[in-house]
Amino acid sequence: MKYGGIYIHIPFCTEKCIYCDFYSLTKHENQIDTFVERLCKEIRLKSSIIDLKWKIDTIFIGGGTPSLLEPFHIEKIIKNLDNTFNLNYLNEFTIEANPSEFNIKKMKTFNELGVNRVSFGFQSLNNEILKFLTRWHTPEDCIRAYKNARTAGFENINIDMIYGIPNQSILQWEKDLNHIIDLNPEHISAYSLTVEKNTPLHTYVSSNKIIMPQEKIDIDMYSHTMEALNNGHYIQYEISNYSQKGKECKHNLHYWKRDPYLAFGPSAHGYYDNKRYWNIRNLNQYIKKIDSNHLPIDDLEVLNEENIFNEMIINGLRISEGINMSKIKSKFSKQTYKSLTSKINDWSSHIEKSNGKIKLTKKGYFIADEITLDLMNSYIESY
């Protein structure tokens with residue numbers, strides 16, 4: 001039986017972080033009720049044109065700041081999903097939350113409604129760094145939110161952390177990471193700060209008002225992250241994600257394994273029937289489109305053979321499970337398989353082979369982008 005997920009994008013934030021390029025709006029909380037109504041209508045419109053050939057086992061509500069929603073909003077969304085798509089197979093239901101905006105009362109109600117996994121955006125446990133990132137919570141808020149989530153009944157918690165931040169020392173990062181490990185969450189996501197276009201951070205870096213850390217510092221921080229977490233009771237199942245045994249994020253694994261998933265909300269991306277689609281990245285236009293009884297899809301892409309090959313390489317190398325070479329051999333030309341095998345041999349000190357699969361070694365993780373690009377160049381169109 002094939003499984004897939006549902007992603008819902010909530011486009012509201014109290015403040016916009018300096019580094020964030022996800023679609024979100026500040027000071028628009030007065031539109032939340034209207035948005036939820038249109039979101040539910042989008043779900044109904046989608047269900048009328050799609051015949052799912054797979055079972056939904058994960059829901060991920062991201063943003064933005066989903067924890068700004070009230071329990072009755074979440075209840076309404078769940079009821080619409082359950083009435084239109086079969087949620088009997090659902091086993092992982094995640095909501096993203098800012099530590100300072102998710103009180104214990106709301107946590108308990110969300111948990112009672114079926115949300116069984118919370119993903120906290122701590123990012124740092126250092127006040128100065130949080131201010132630099134324009135995060136408006138404190139380290140104390142983080143610890144309090146985590147403990148409250150445990151009290152509220154959450155047995156599956158992720159904590160997001162960021163390293164490679166200007167003026168962040170390796171000692172500070174080690175201290176933060178050790179504190180997170182001591183909390184003992186089931187899942188830790190540790191990302192290097194990325195300078196994305198169309199963000200204030202990009203503007204400041206481009207004008208030299210902010211200087212990003214040297215590459216060596218970033219590499220050292222990543223190296224320490226892997227060492228600290230892999231030596232504990234965490235498994236590095238993806239380049240930037242670590243979990244206790246059996247607590248991998250099932251929803252994100254759907255992405256990396258190219259499983260189908262539906263997407264709702266402005267700017268949300270979905271994938272099924274060999275098509276990738278994305279919604280309008282504008283709340284007012286999103287609402288207007290739905291009010292006219294049309295799905296708010298901005299565009300879609302039907303994947304060709306080369307697209308599929310590239311995704312299998314990119315996604316497969318991200319996860320510890322690796323790439324199934326028998327699938328490559330059966331799906332693509334003999335020339336492609338031969339070319340790929342040759343390039344894999346060229347990277348023998350960075351790629352390991354096991355049980356018909358290839359995956360990056362820990363050494364390979366440091367140059368994953370370079371290896372991925374080289375292997376993607378293996379594709380040879382069949383005639």
Side-chain angles (χ1 to χ4, degrees), residues 3-13 20 22 24 36 39 43 55-71 73-82 85 87-99 101-102 104 106-123 142 145-146 148-150 152-161 180 183-191 234-235 237-238 240-257 259-265 267-271 319:
Y3 293 95
I6 288 176
Y7 173 74
I8 296 173
H9 188 79
I10 308 299
F12 303 103
C13 279
C20 179
F22 292 112
S24 63
V36 171
L39 176 69
I43 291 168
K55 306 299 182 185
I56 295 165
D57 66 347
T58 67
I59 296 174
F60 195 107
I61 303 184
T65 309
S67 51
L68 287 175
L69 270 59
E70 295 299 327
H73 294 131
I74 298 296
E75 185 174 16
K76 184 176 290 187
I77 293 168
I78 293 171
K79 283 184 176 179
N80 272 269
L81 287 172
D82 201 26
F85 302 106
L87 297 185
N88 289 341
Y89 296 88
L90 187 66
N91 60 43
E92 181 188 271
F93 189 164
T94 304
I95 191 164
E96 290 183 332
N98 278 341
E101 296 173 325
F102 203 26
I104 190 167
K106 188 181 284 188
M107 289 181 191
K108 286 180 177 178
T109 309
F110 279 25
N111 189 250
E112 290 167 0
L113 288 170
V115 179
N116 58 16
R117 185 175 184 271
V118 61
S119 180
F120 283 119
F122 284 14
Q123 317 310 0
C142 293
Y146 179 86
N148 283 344
R150 289 299 192 203
F154 284 98
E155 298 178 354
N156 194 354
I157 299 176
N158 170 62
I159 293 177
D160 279 350
M161 296 293 288
I180 297 302
L183 287 176
N184 198 32
E186 285 72 25
H187 193 284
I188 299 172
S189 298
Y191 303 104
Y234 289 93
I235 301 164
Y237 73 99
E238 193 268 345
S240 302
N241 286 275
Y242 307 78
S243 76
Q244 296 177 9
K245 188 175 181 180
K247 294 297 184 178
E248 301 87 350
C249 179
K250 295 180 177 65
H251 185 83
N252 284 343
L253 281 170
H254 281 321
Y255 297 157
W256 299 320
K257 291 183 177 182
D259 294 333
Y261 60 97
L262 301 178
F264 302 101
S267 81
H269 287 56
Y271 169 67
I319 56 178

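Along the sequence shown, the residues carry numbers beginning at 1.
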Do Phe85 and Ile43 pass the side chain to side chain contact (heavy atoms under 4.5 Å, CB included) test, and can you show the C-alpha distance, the side-chain angles, and the key distance before you say yes or no?
CA-CA 9 Å; Phe85 302 106; Ile43 291 168; 3.9 Å; yes
Return the set of residues passing salt bridge (charged side-chain N to carboxylate O under 4.0 Å, His left out) with Asp259 (not counting sequence neighbours), or none when no residue passes.
Lys2
Check whether any side-chain heavy atom of Pro185 sits under 4.5 Å from a side-chain heavy atom of Tyr234, and report yes or no.
yes
Residues 245-253 side chain polar contacts: donor-acceptor under 3.5 Å, at least two apart:
residue: His251; atom: ND1; partner: Thr58; partner atom: OG1; Å: 2.8
residue: His251; atom: NE2; partner: Tyr255; partner atom: OH; Å: 2.7

Distance (rounded to the nearest 0.5 Å) between Tyr146 OH and Leu183 CG
5.5 Å
Any side-chain heavy-atom pair from Leu81 and Ile8 closer than 4.5 angstrom?
yes
Check the pair Ile77, Phe264 against side chain to side chain contact (heavy atoms under 4.5 Å, CB included), reporting the backbone distance first and the verdict last.
CA-CA 11 Å; Ile77 293 168; Phe264 302 101; over 6 Å; no
Can you see which heavy atom on Ala97 is nearest to which on Ser67, and at what distance?
CA-OG, 3.5 Å
For residues Tyr271 and His269, is any side-chain donor paired with an opposing acceptor at under 3.5 Å?
no
When rounded to the nearest 0.5 angstrom, what distance separates CG in Asp160 from CD1 in Ile180?
10.0 Å
So which heavy atom on Ala263 is nearest to which on Gly270, and how close?
CB-N, 3.5 Å
Salt bridge or not between Glu186 and Arg150? Use side-chain N to carboxylate O under 4.0 Å.
yes
Taking every non-hydrogen atom, the tightest pair across Cys142 and Phe122:
O-CZ, 3.2 Å
Do Ser189 and Asn158 come close enough that some side-chain heavy atom pair is under 4.5 Å?
yes
How close do Glu96 and Gly62 get, counting heavy atoms only, and between which atoms?
OE1-CA, 3.2 Å
Hey, does the side chain of Asn116 reach the backbone of Asn91 with a donor-acceptor pair shorter than 3.5 angstrom?
yes
With a cut-off of 6.0 Å (strictly less than), are more than 12 heavy atoms of other residues, nucleotides or ligands near OH of Tyr191?
yes
Residues passing the ring-ring contact (aromatic ring centres under 6.0 Å, His included) test with His254, sequence neighbours excluded, are none
Side chain proximity check, Phe60 to Glu92, heavy atoms < 4.5 angstrom
no
Would you call Glu75-Lys79 a salt bridge at under 4.0 Å N-O?
yes
So which heavy atom on Gln244 is nearest to which on Asn184, and how close?
NE2-OD1, 2.9 Å
Find the distance between CZ (Arg117) and CD1 (Ile61) and round it off to the nearest 0.5 Å.
13.0 Å
Is the closest side-chain heavy-atom distance between Ser243 and Tyr237 below 4.5 Å?
yes
Nearest heavy-atom approach of Tyr7 to Gly63 is OH-N, 3.7 Å
Side chain proximity check, Val118 to Met107, heavy atoms < 4.5 angstrom:
no
So, do Ile10 and Leu69 sit near enough that their side-chain heavy atoms are less than 4.5 Å apart?
yes
Ile157 CD1 to His187 NE2 distance, which is reported to the nearest 0.5 Å
13.0 Å
Rounded distance (nearest 0.5 Å) linking atom CZ of Phe93 with atom CD1 of Ile59:
4.5 Å
Determine whether a donor-acceptor pair (N or O, by modelled atom type, separation under 3.5 Å) exists between the side chain of Asn80 and the backbone of Lys76.
yes
Supply the atom-to-atom distance Thr109 OG1 to Ile104 CD1, rounded to the nearest 0.5 angstrom.
10.5 Å
